[in-house]
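First comes the structure, then the notes that go with it.
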Number of protein chains: 2
Amino acid sequence: MKKEPNENQENICPLEFVQHVIGGKWKISILWALSIQTRRFNELQRLFPNITQAMLTKQLRELERDRFIRRKVYREVPPKVEYSLTPIGKDFFPIIKQMYEWGEKNYDVMNAQKKNPSNKRC
Amino acid sequence: MKKEPNENQENICPLEFVQHVIGGKWKISILWALSIQTRRFNELQRLFPNITQAMLTKQLRELERDRFIRRKVYREVPPKVEYSLTPIGKDFFPIIKQMYEWGEKNYDVMNAQKKNPSNKRC
DNA sequence: GGCAATAGTATGATTTTTGATAGTATCTAT
DNA sequence: ATAGATACTATCAAAAATCATACTATTGCC
């Protein structure tokens, strides 16, 4: 039998839920990108050149399933699909923003104490 | 060569940093538990009966490395080690709290639209 | 029909994360 | 010297996430 984490710790469950829906390597970045503006599939690929097409599709499908984003297909040539945030997705944005700000503030602090600060990528 | 996600998207980098330091299945829950009070190793094990000892140790070491928590050893018998939040860890807490609140608010909303609401665990 | 452009799917391999289990270290009271 | 309590550490296995690559679908225009 596969165990669930934490089955008798009710007060932590909402956190597990959040981790479940925004887990993975790309979802937060995708939500961030969509919070700035509606984007096409291609555009997201260009923004994240290191995500594979299959993975991008998978993440978008999951975000759609969890009602963070909306997928709108235009029956045109060439094909066009637009992704945008739903109200639930927008409601989540303040959290991402806070994470961004915390990250910005603490990235340098943490790296300043390491040997080779030139490793900095951003 | 292993690619890094997103190497030319500077404005998303702080988010990647945050994901890196709080990623994994247990860190947020551990931080939540420590935000309530300082805890001993044993206590954390009891709180999260489904995390293995090895994994708990690993997560605690990483949180310590990233300066979220402080590890204090008491030279006593039986051995006693206490874990508590550092200022950086405390600074992160509002984010966790917001995640908790968002999760609480949206868990039901999402599950209400599924077939079997009795699956609810919390 | 054939091509070009966008947005995917499918499949199998590789990497990363997590788990299970057993063993170690420390100290003290008996 | 041994046992008992806490806090680990080591090793290998299993599961999950991600990747690389190739293939498919849709549509309008030539």
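Residue numbers start from 1 in every chain, and the chains themselves are labelled A, B, ... in the order their sequence lines are given, proteins ahead of strands.
Here K25(B) contributes atom NZ and H20(A) contributes atom NE2; the two are 11.5 Å apart, rounded to the nearest 0.5 Å. Expressed to the nearest 0.5 Å, how far CD1 of I51(A) lies from CG of L56(A) amounts to 4.5 Å. With rounding to the nearest 0.5 angstrom, the CG atom of D91(B) is 3.5 Å from the NZ atom of K105(A).
A straight line from CH2 of W26(B) to P of dT17(C) spans 16 Å, rounded to a whole angstrom. Between the P atom of dA20(D) and the CE atom of M55(A) lies a distance of 10 Å, rounded to the nearest Å. With rounding to whole Å, E16(B) atom CD is found 13 Å from dT18(D) atom P. Rounded to whole angstrom, the span from the CG atom of L56(A) across to the P atom of dA17(D) amounts to 17 Å. At whole-Å resolution of the value, CD in Q19(B) and P in dT17(C) are 12 Å apart. Regarding I51(A), its CD1 atom lies at a distance of 14 Å from the C1' atom of dA20(D), rounded to whole Å. Put simply, CG on N50(B) is 9 Å from P on dA20(C), counting in whole angstrom units. A straight line from CG of L47(A) to C1' of dA7(C) spans 16 Å, rounded to a whole angstrom.
For R40(B), a side-chain nitrogen or oxygen approaches OP1 or OP2 of dA7(D) to under 4.0 Å. Between R61(B) and the phosphate of dT9(D), there is a side-chain N or O to OP1/OP2 separation shorter than 4.0 Å. The phosphate of dG19(C) has OP1 or OP2 within less than 4.0 Å of a side-chain N or O from K25(B). For dC8(D), one of the phosphate oxygens OP1 or OP2 lies less than 4.0 angstrom from a side-chain nitrogen or oxygen of Y83(B). Contact between the side-chain N/O atoms of N42(B) and the OP1/OP2 oxygens of dA7(D) is found at a separation under 4.0 Å.
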Nucleotide by nucleotide, nucleotides 21-30 of chain C touches protein heavy atoms under 4.0 Å in the pattern (B base, S sugar-phosphate only, - none) -----BBS--
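No donor-acceptor pair under 3.5 Å is formed between the side chain of S35(A) and the backbone N or O of F93(A).
The two atoms that bring G103(A) and V18(B) nearest to each other are CA-CG2, 3.6 Å, heavy atoms only.
Considering only side-chain atoms of T57(B), the nucleotide from dT18(D), dT18(C), dT9(D) that sits closest is dT9(D).
Backbone-only contact: K80(B) has heavy atoms under 4.0 Å from sugar-phosphate atoms and none from a base.
Taking T57(A) as the reference, nothing meets the side chain to side chain donor-acceptor pair (under 3.5 Å) condition, with sequence neighbours excluded.
Ring pair Y100(B)/W32(B) is parallel by interplanar angle, where below 30° counts as parallel and above 60° as perpendicular.
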